[in-house]
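Structure first, then comments.
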Amino acid sequence: MRKYLIAGNWKMNSAPSGALDSGSTYQTHADVDVVVFPSFLDLPGCIDAKILCGPQHGHTEDHGAHTGDVSLKMCKDLGCLYALCGHSERRADHGETNEDVAAQCIAALELGLHPVVCVGETESERDAGKEKDIVKAQIAVLPLESEITIAYEPVWAIGTGKTASPEQAQEMHAFIRSLIPEDRRDVTRILYGGSMKPDNAEELLSQDDIDGGLIGGASLKPTDFGAIVEMATSLS
Ligand code: PEP
């Protein structure tokens with residue numbers, strides 16, 4: 001019922017070689033939604049290349065005295081359709097709180113951008129058995145009655161090569177789904193993120209409550225990213 005969404009987070013890296021060429025694997029696919037979150041500098045190139053994309057972060061105010069920032073409105077006006085909100089690297093590097101993330105998510109919705117909101121616990125929080133409490137608090141402030149996508153990204157699995165087991169991921173995804181209001185529960189997509197690669201994509205994407213992936217490292221390798229998109233296509 002839910003179409004897979006495979007999203008690439010290029011972080012602070014340039015577009016991979018060939019990514020903006022016609023026919024690249026980052027462009028729209030028939031059976032799977034493919035989205036890229038490039039740096040601000042590569043947004044225009046992605047839009048010109050007809051790649052669905054959005055910023056990795058955007059200011060909630062439309063314009064003003066916020067040196068170094070780019071607003072969600074500016075991204076919308078450029079032609080973006082999506083916005084990444086609350087990635088754990090933004091939470092850690094820029095002190096974004098759950099409330100800041102919710103404000104970005106709401107601002108994106110108001111502009112007609114589709115928010116992909118990241119949640120997830122750190123390793124020490126999981127070791128202390130608090131992973132569900134942490135994720136519940138991150139989810140509780142979000143406008144779950146609206147059309148948003150949630151990305152469960154255990155912080156200990158991002159860029160580390162450690163992946164949540166399919167069982168660990170499924171358990172958390174089912175928990176997140178249980179927190180979504182009933183009328184949105186079956187339609188809201190919940191992506192998994194954290195060292196998803198071609199060799200673990202099948203078992204992760206096969207889980208009942210995993211509706212796609214948010215992919216960092218492997219999204220910078222067009223062949224790997226393409227293989228994950230193909231896997232999602234074959235599971236559709
Ligand atoms: C991410 O940046 O959202 C991510 C999941 O990174 P990686 O795939 O490299 O773990």
Side-chain angles (χ1 to χ4, degrees), residues 4-16 19 25-26 32-40 42-43 46 51-58 82-94 96 98 101 104-105 108 114-123 125-126 131 134-135 138-139 142 148-166 168-170 172-173 176 189-205 207 209-232:
Y4 282 113
L5 194 169
I6 303 295
N9 175 14
W10 290 348
K11 310 195 187 201
M12 197 174 68
N13 295 290
S14 301
T25 192
Y26 301 94
V32 173
D33 287 333
V34 177
V35 174
V36 170
F37 296 105
S39 77
F40 288 119
D42 278 321
L43 283 172
C46 284
I51 294 172
L52 301 184
C53 62
Q56 298 166 11
H57 160 265
Y82 287 78
L84 191 62
C85 304
H87 191 280
S88 61
E89 287 155 13
R90 298 286 317 172
R91 292 178 189 256
D93 295 354
H94 298 273
E96 288 185 12
N98 291 346
V101 174
Q104 277 175 51
C105 177
H114 183 90
V116 176
V117 188
C118 304
V119 299
E121 79 287 357
T122 63
E123 188 156 36
E125 287 162 349
R126 180 165 276 267
E131 66 274 18
I134 296 295
V135 169
Q138 292 170 333
I139 297 275
L142 299 177
I148 70 171
T149 294
I150 296 169
Y152 169 58
E153 299 211 301
V155 179
W156 48 272
I158 296 180
T160 58
K162 284 193 217 171
T163 316
S165 68
Q168 281 173 321
Q170 168 56 28
M172 185 60 92
H173 280 234
I176 292 170
R189 290 189 285 199
I190 307 174
L191 314 184
Y192 169 79
S195 300
M196 189 184 274
K197 308 237 172 333
D199 61 2
N200 61 22
E202 181 172 10
E203 51 180 4
L204 287 162
L205 293 174
Q207 301 301 311
D209 289 296
I210 299 187
D211 309 314
L214 178 57
I215 297 148
S219 76
L220 292 166
K221 298 180 189 151
T223 314
D224 285 5
F225 188 74
I228 297 172
V229 172
E230 287 315 314
M231 179 53 67

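One-based numbering, in listed order, for ligands and for the atoms of each. All residue numbers in this chain count up from 1 along the given sequence.
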Please determine whether any non-hydrogen atom of A218 lies less than 4.0 Å from an atom of ligand 1. no
Candidates Q138, H173, E121 - the one meeting side-chain hydrogen bond (donor to acceptor under 3.5 Å, both in side chains) with Y152: E121
Using a strict 4.0 Å cut-off to heavy atoms of N9, name the atoms of ligand 1 that fall inside it. 1 (C), 2 (O), 3 (O)
Donor-acceptor check, side chain of Y192 to backbone of D209, threshold 3.5 angstrom: yes or no? no
So Y82 and F37, would you call those rings parallel, tilted or perpendicular, with 30° and 60° as cut-offs? perpendicular
What are the two closest non-hydrogen atoms of G212 and I6, and how far apart are they? CA-CD1, 4.1 Å
Among protein heavy atoms, which lies nearest atom 4 (C) of ligand 1, and at what distance? G216 N, 3.5 Å
Taking all atoms of both residues into account, what is the closest heavy-atom pair of L43 and P55, and its distance? CD2-N, 4.1 Å
Counting heavy atoms only, which of Q56, K162, K197, E153 is nearest atom 3 (O) of ligand 1? E153
Should you measure from each heavy atom of S195, which atoms of ligand 1 turn up under 4.0 Å away? 7 (P), 8 (O), 10 (O)
Examine the proximity of ligand 1 to I158 and report which part, side chain or backbone, both or neither, has a heavy atom under 4.0 Å away. both
So the atoms of ligand 1 within less than 4.0 Å of a heavy atom of A157 turn out to be 10 (O)
Contact (N/O only, under 3.5 Å) between E89 and ligand 1: no
Quick one: does D224's side chain have a donor or acceptor within less than 3.5 Å of a partner on G217's backbone? no
K221 atom NZ, over 12 foreign heavy atoms within 6.0 Å: no
Should H87 be counted as touching ligand 1, given the test is an N or O pair under 3.5 Å? yes
Can you list the atoms of ligand 1 that are under 4.0 Å from a heavy atom of L214? 3 (O), 5 (C)
Nearest-contact summary for atom 9 (O) of ligand 1 - protein heavy atom, Å: G217 N, 2.8 Å
Atoms of ligand 1, numbered as shown, that sit under 4.0 Å from any heavy atom of G159: 7 (P), 9 (O), 10 (O)
For A83 and A108 the tightest heavy-atom approach is CB-CB, 4.2 Å
Indicate yes or no: does an N/O atom of G193 lie under 3.5 Å from an N/O atom of ligand 1? no
A student checking ligand 1 against G194 at a 4.0 Å heavy-atom cut-off should list atoms 5 (C), 10 (O)
Contacts of type salt bridge (charged side-chain N to carboxylate O under 4.0 Å, His left out), residue R90, not counting sequence neighbours: E96
